[in-house]
Every structure is written in C-alpha cells, then in structure tokens.
There are 2 protein chains.
Amino acid sequence: MPTTDGSDTGGTGRRMRADARRNQEKLLAAAAEVFVGSGVDAPIRRIAARAGVGMGTIYRHFPTRADLVVAVFRHQIEECAEAGPRFLAEEGSPFAALRRWVGLFADLLVTKHGLAHALQSDSSRFAPLHAYFLDRLQPVAARLLDAAAEAGEIRPGTHPYELLRGIGNLCIGHDDDPRYDPRRLIALLLQGLRRP
Amino acid sequence: MPTTDGSDTGGTGRRMRADARRNQEKLLAAAAEVFVGSGVDAPIRRIAARAGVGMGTIYRHFPTRADLVVAVFRHQIEECAEAGPRFLAEEGSPFAALRRWVGLFADLLVTKHGLAHALQSDSSRFAPLHAYFLDRLQPVAARLLDAAAEAGEIRPGTHPYELLRGIGNLCIGHDDDPRYDPRRLIALLLQGLRRP
DNA sequence: TTACTTTACGGAACATTGTTCCGGTTAACA
DNA sequence: TGTTAACCGGAACAATGTTCCGTAAAGTAA
C-alpha cells in the first residue's frame, strides 16, 4: 500500500528516485484540481498536462485511473473510517452513531464530484477503488450495524456491503438535478431498518 | 413521438420511405440483441454491423444513443406505466399496489442490462431516455403515492421523482455482484415510507 | 569530479469509439 | 419511364485510452 510521504518506495522495497517522487506529487495535486472541475472521468491527458508531465509518467505511477482516484481521496476515506468507532463512543445510542456515520459517508460521496458514480461503474473499471473503499469502510459499517442490532434498535440481518453500496448508489447524480436529494432517501432507508 | 408500426412518419408528417422503415426495424432488432449481450453502452459500430447498415444510417434514425434505447424499451416502459392503475384496482390496499408496482419497475431495470446505469449516467448523455422515462412513469408513481398517503398507509410528502430516481439508482450494478440485491434495499426503502 | 548503471521521463504511435459529411443510389410519384 | 427528393454506405475526422522506446537524469563508486 503506497504512502504519500517521503518514505514511499513505489512498491519495490527500494527508495524512490527524487524526480519520481516529485512527479508523483505533482500528479496528485493536478488530479485533485482536475477532479473538482471535471469529475473523476476527466481525460488523462489533461491531468498529465496540468502536472507538466508526459503520458508515460502518469501511467507508470498510476496504472489505472482508479489508482489515481484512490490516492487522491485516501485521506478522506481514512477519516471516514476512523469516525465510525468515535461516533459509537460519542453518541448516545448505536443507531444515532450509525445515522451520523452514514451522513458523513454520504457527504464524502456527494461532495467529491463523480466519486459515487465511479464507485459502482459498469464492468470493472475502478476495481481498485472499489476494493479499497470496501476494505476500509465495510468493517466500520459492520460494527455499527452489529451494535445497533444488539441494542435492539434495528432488525438484524442487514449486510454491511449491501448497505454501503446502496447508499453509494443513491448518491449518484445528485449534482445535476436539484430535485434529487440523496439524503432524504437515505433517511428513509435508515428508517426502514428500525425495529418496529 | 415515433412509433414502431407502419404508420411511422419519421417526425416529418410525411410517410417514411420503405427502405427507411426496413432499416429502422433492422436496427431496432439488432440493438435489442446487442444490448442483451453487451449492455446499452455497446459500440454503435457493432449495432450497425449486426443490422447490416452503415454508420450514417444509424445516426440518421437515432441521433443519440438514448433515442435508440428508448425505442428498444418503449414497449416495456409502456407496460409498466399501464400496470400502475391496474394494480391499484386489483390489490387490497394502495400500499400493496405501490409495492407491487415498484417491484415491476425494479424488474424492468434489473432485467435489462445497463438500463439502470444509463438512466442516471453522468452529465446529460441519455437525456431523452431520462425524459421519456419520467414523462411516462412519474405520474403513475405520483398516483400510487397519493393513494397510499390518503389511505394513511405512508406518510405524505415523498416526491415521486425522487423515489423513482432512487430506485433506479439502487438497481445499478446488480449484475456484476451476487452480494448485492437491490430488491432488499428497495424493500427497506418502502418500509421507511410507512406511517408509524 | 567523472564514468557507469539504473531508473524514470516524454511524447510519438497505435487502438478504439463517437460523429460528421458527401457522392452515389433508390424509392416514390407524376 | 423520367425526375426528384430522400436515403444509404462508409470514408474521414476527432477525442481519448494505452503502449513503447530512445533519451535524459539520478544515483553510485572509483
């Protein structure tokens, strides 16, 4: 798993060359800028151009688009994952923690243009992004669901994966349509979870 | 609004030439076949080739991909729209009718590969598809929701558009992942609608 | 510092797909 | 049957993803 600080080894176990690390950072910065303006489907060429590097360089550092997206959003994903247990400790009930965390998760998807859309995508583009998201967030969702179920606040049996994916899906396309607010539907979904 | 039978006028008010109608039918058949195998994002070239016509022909008949998708699925959309009022008459309660209709709607999206995905899409590709879907199905959803709300079975205030879009979103990507079954989440959503 | 090795860089070249355009063909009709 | 308007096919162009290799730079040791 690559890191973003000076210790990055490029996966080879050897230290990265200085220019390589410089370019990687330039690429991450450029990608973050372009993603905001044009979504995560922006042309690779534009990102390379904005970073001032060639096509070969971007493909060497990030073989797939998903690798680049993961690298750009790693921080936010990490924060979201860490918030789960914290909410469980802070909130009065497991269900309240679950609701708050789901809200944070939805914010992440809604704020970053096209991220939700990329997460499911067709076929298996973005498979690495999908995998990273799940590895990191599914256990968190599972723990919140379990806690709420044990407390008797929701009925048991909900699959964490399915819930995450469903919420992710609901967040798609909110930004080109003011009539559609994913949060209302997410609230309905949570309501449907509650024990009668 | 184009039709598929012999009366098609191509929108000009004049009768279509025989070869034009023949090609349109060949294209519809080919598109339906290709969509099943490769989803609605299959290359235009392949559809044209399967129909045995040139690129110009397909673009003349269906200027955008969405036009072609609409034409292919018109029948199913129409059936779904007509089922709404029928369910309302047949079922014991408005909510039961709503639930049954939502199931039919979901089946439509789940069965036709990639249709759900195309429905929201990014930017505004598929805008005609989106528009047709809404024009036809939103009033049906509205009537079902109103009836259920009036009967006191669900709480009022749910936007038909939002519900349709949400269900559409939930149906995305079910086919490349056995762990994800949109129907379970849709059931939760409906449960969340119910009056306490 | 210099010579040498290893790694990375840049961008041309190729592949795929969407989209447009135009010369030739054909159906419709008098 | 001749005229005309509509239609056809596919070449040509454009945008983008992906690969490859000659060249340049960084690291290393004498």
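Proteins come first, then strands; the chains are lettered A, B, ... in the order of their sequence lines, and each starts at number 1.
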**d(CD1, B:Ile58; C1', D:dC7) in whole Å** = 15 Å
**B:Glu90/B:Arg86 under salt bridge (Lys or Arg N to Asp or Glu O under 4.0 Å): CA gap, chis, key distance, verdict** = CA-CA 6 Å; B:Glu90 290 176 10; B:Arg86 199 173 66 242; 3.6 Å; yes
**Prompt:** Whole Å only: how far is the CD atom of B:Gln24 from the P atom of D:dG9?
**Reply:** 14 Å
**Message:** Just the rounded figure in Å: distance from C1' of D:dG9 to CD1 of B:Ile44.
**Reply:** 16 Å
**Message:** What I want to check is whether the side chains of B:Arg136 and B:Tyr132 have a donor and an acceptor closer together than 3.5 Å.
**Reply:** no
**Message:** In whole Å, I'd like the distance from the CZ atom of A:Phe62 to the P atom of C:dC9.
**Reply:** 11 Å
**Complete:** When B:Arg45 and A:Thr57 are each assigned the nearest nucleotide of DNA chain C, the 5'-most assignment goes to A:Thr57
**Protein-nucleotide distance (A:Glu25, atom CD; C:dC9, atom P), rounded to Å** = 13 Å
**Request:** Determine, stepwise, if the pair A:Arg99 / A:Glu91 fulfils salt bridge (Lys or Arg N to Asp or Glu O under 4.0 Å).
**Result:** CA-CA 10 Å; A:Arg99 182 162 45 201; A:Glu91 293 289 330; over 6 Å; no
**Asked** When rounded to the nearest 0.5 angstrom, what is the spacing between CG in A:Leu137 and CH2 in A:Trp101?
**Response** 5.0 Å
For a quick test of your reading: what N or O donor-acceptor pairs under 3.5 Å do the side chains of residues 184-196 of chain B make, sequence neighbours left out?
residue	atom	partner	partner atom	Å
B:Arg184	NE	A:Glu162	OE1	2.7
B:Arg184	NE	A:Glu162	OE2	3.2
B:Arg184	NH2	A:Glu162	OE2	2.8

**Complete:** Per-nucleotide protein contact along nucleotides 21-30 of chain C, 5' to 3', at a 4.0 Å heavy-atom cut-off (B base, S sugar-phosphate only, - neither), is B----BSS--
**Request:** Provide, to the nearest angstrom, the distance between the CG atom belonging to B:Asp41 and the C1' atom belonging to C:dG18.
**Result:** 12 Å
**Asked** Does the side chain to side chain contact (heavy atoms under 4.5 Å, CB included) test come out yes or no for B:Phe62 and B:Leu28, once each step is laid out?
**Response** CA-CA 10 Å; B:Phe62 305 101; B:Leu28 281 175; 3.9 Å; yes
**Prompt:** Under 4.0 Å between a side-chain N/O of B:Asn23 and OP1 or OP2 of D:dC7, yes or no?
**Reply:** no
**Complete:** From CZ of B:Arg21 across to C1' of D:dC8 the rounded distance in Å is 17 Å
**Message:** D:dC7, OP1 or OP2 - any side-chain N/O from B:His61 closer than 4.0 Å?
**Reply:** no
